[in-house]
Structure formats: structure tokens, C-alpha cells
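Below: one structure, written as C-alpha cells.
Both counts, for ligands and for their atoms, begin at 1 and track the order of listing. Just the heavy atoms: all of them, side chains too, but no hydrogens, waters or symmetry mates, feed the values below.
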Amino acid sequence: MGKVYLTGAGPGDIELLTLKALKVIKRADVIVYDRLANPEILKEAKDGCEFVYVGKADSHHTLPQDEINELLYQLAQKYETVVRLKGGDPLVFGRGGEEALFLKSKGVKFEFIPGITSAVAVPEYAGIPVTHRGITVSFRVVTGHEAPYKEKSQIPWENFKTDDTIVFLMGLHNLDKITKKLIEIGKPKDFPIAVISKGTTPEEKTVIGTLEDIYEKAKDLPTPALIVVGEVVRLHEQLNWFEK
Ligand code: SAH
């Protein structure tokens with residue numbers, strides 16, 4: 001029986017792939033990959049490597065999670081080295097933990113290979129540090145997929161009154177609701193916010209605004225995109241090094 005490597009592909013820029021990930025990709029017998037993993041990475045695989053696209057992006061699953069789990073299990077019966085390649089880090093909203101639990105329950109060996117998460121690297125390419133001395137001492141990474149006005153929200157909105165930088169992943173389609181909710185809990189209407197689309201790639205685009213006007217400015221940006229809320233967003237003006 002083979003082993004499954006739950007591997008982070010990094011946020012987009014192929015050079016942000018780790019050496020450890022590259023090594024296992026080069027010897028993989030099969031690579032199961034997502035929409036968010038840069039397809040250029042697949043060129044590093046050996047001749048004869050099988051590729052399986054499971055196309056999961058945001059919430060639009062092409063293959064349901066339990067079928068992906070089962071697929072990984074089946075592939076581990078057939079191959080020595082199975083690479084499950086995911087955008088960013090496999091355990092940051094990547095469901096890598098669920099896949100690992102399933103594999104473990106079936107007696108299949110697995111390994112996690114961390115990846116550079118978009119939550120930190122994408123703001124960084126936009127010149128926005130998620131922490132900055134004198135501005136904020138912590139940051140949160142939150143799913144933006146859950147609608148903020150859902151009755152039983154799992155998101156502790158009241159906790160966002162602090163100075164923490166907040167990074168919302170999967171949130172572009174809820175941008176309007178997220179900004180309204182943040183104003184509702186007491187953030188100023190002119191509080192800084194950024195939306196960064198296709199971060200770390202040649203098509204990266206950052207739009208800066210306030211909680212009040214960002215929706216109109218950024219709603220039509222292409223995905224993947226993430227949202228950064230916090231005073232650190234103001235540093236973009238001076239530190240924006242990549243898009244220039
Ligand atoms: N495991 C991934 C995140 C998966 S959730 C990671 O660690 O990066 C998918 C969300 O990540 C997208 O909806 C988007 O909000 C964000 N994202 C991933 N790649 C991105 C990119 N290149 N630019 C902007 N946002 C990105």
C-alpha cells in the first residue's frame with residue numbers, strides 16, 4: 001500500500017513551492033490537484049505520472065469531499081506515492097485534516113507537507129504585513145464563505161472589535177455583508193480594507209478602500225481573491241513592491 005502526501009502548493013507563484021513539496025512531486029505516481037494549485041507545478045512530475053483534477057475552488061466542489069477521500073484511498077492501493085496537491089497550505093481551509101482522518105481510519109499512511117498560505121503571502125505581495133510593530137500584534141484568518149447574517153453564525157463577530165488584522169478567505173461573494181457586519185459591530189465606516197485578486201501571480205490586483213466603499217470598487221474582481229481588514233492596509237501605499 002502506498003502513502004498519501006497532503007501537500008501545499010503555495011499561493012500561486014510557482015517559486016513559493018517548498019523544496020519538500022517539489023521533491024515529492026518529482027517522484028509522485030499520481031497527483032490529485034485542485035483549481036487553486038498552479039498547474040505549472042504539474043510539469044515537474046515524472047513521465048507517466050497520472051493527474052487527477054478534483055477542481056475544488058471556494059465552495060464549488062466538482063467532486064464531493066467524501067468522494068475525494070475515497071479516491072485517495074483507492075489510489076493508495078494502486079500506487080506507491082500519491083500526492084494530494086492543494087493551494088496554499090493543506091490545513092488552512094484546505095480540508096487536509098479531514099482527508100488525513102479518513103486515510104488513517106482506513107489504515108493508509110499519510111504525511112502533511114506544509115505550504116505557504118495565501119492568507120499571509122498574498123497580503124505580503126501586496127505590501128501589507130499581517131502584523132506590524134506599533135500597529136497590530138495579531139492577525140486572524142477567517143472564512144468569508146459563511147454569510148455574516150446567518151442565524152447561528154459560527155464566526156465570533158463581536159471579537160473583531162479588536163485591532164487584529166482580519167484576513168477573510170473565500171469571502172468575495174459576501175463582501176457587501178462582511179463590511180456591513182464590521183460597521184455594525186462598531187468599526188468606523190472609513191476603516192481601511194483591501195481586496196487582493198490572483199495574488200502572487202502576474203495578474204495580481206489590489207484594490208484599497210474603506211468599509212463603506214470597497215464593495216463598489218472591488219465586487220467585480222476575478223477570483224481567487226481575499227480580503228484584508230486593518231490599519232496595516234495603509235502600509236500598501238509605501239510597501240507595494242510587486243504590482244509596480
Ligand atoms: N489552503 C489555502 C486556502 C484555501 S481557501 C491557503 O492556505 O491559501 C481558498 C481561498 O483562499 C480563496 O477563496 C481565496 O480567498 C484565497 N486564495 C487562495 N489563493 C489566492 C490567491 N492567489 N490570491 C488571492 N486569494 C487567494
- prompt: Which is it for Glu146 and Ser153 under the side chain to side chain donor-acceptor pair (under 3.5 Å) test, yes or no, and what are the steps along the way?
  reply: CA-CA 8 Å; Glu146 184 188 284; Ser153 176; 2.6 Å; yes
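With a 4.0 Å cut-off on non-hydrogen atoms, Val122 touches ligand 1 through its side chain and not its backbone. Contact annotation for Glu204 and ligand 1: no heavy atom of the residue comes within less than 4.0 Å of the ligand. When heavy-atom distances to ligand 1 are checked against a 4.0 Å cut-off, Pro90 has no atom that comes that close, whether in backbone or side chain. Contacts between Pro11 and ligand 1 below 4.0 angstrom, taking non-hydrogen atoms only, involve the backbone exclusively. Under 4.0 angstrom from ligand 1, the non-hydrogen atoms of Leu36 all belong to its side chain.
In this structure, Gly12 does not count as a contact residue of ligand 1, since none of its heavy atoms falls inside 4.0 Å of the ligand. Ligand 1 lies out of reach of Lys86, whose nearest heavy atom is not under 4.0 Å from it.
Of all the heavy atoms in Asp89 and Gly115, the pair that sits closest is OD2-N, 3.1 Å.
No salt bridge links Asp29 with Lys78; every basic N to acidic carboxylate O contact stays at or beyond 4.0 Å. For the pair Lys189 and Asp213, the salt-bridge criterion is not met [side-chain N within less than 4.0 Å of a carboxylate O].
Looking at heavy atoms from C-beta onward, Ile178 lies in side-chain contact with Ile227 at the 4.5 angstrom threshold.
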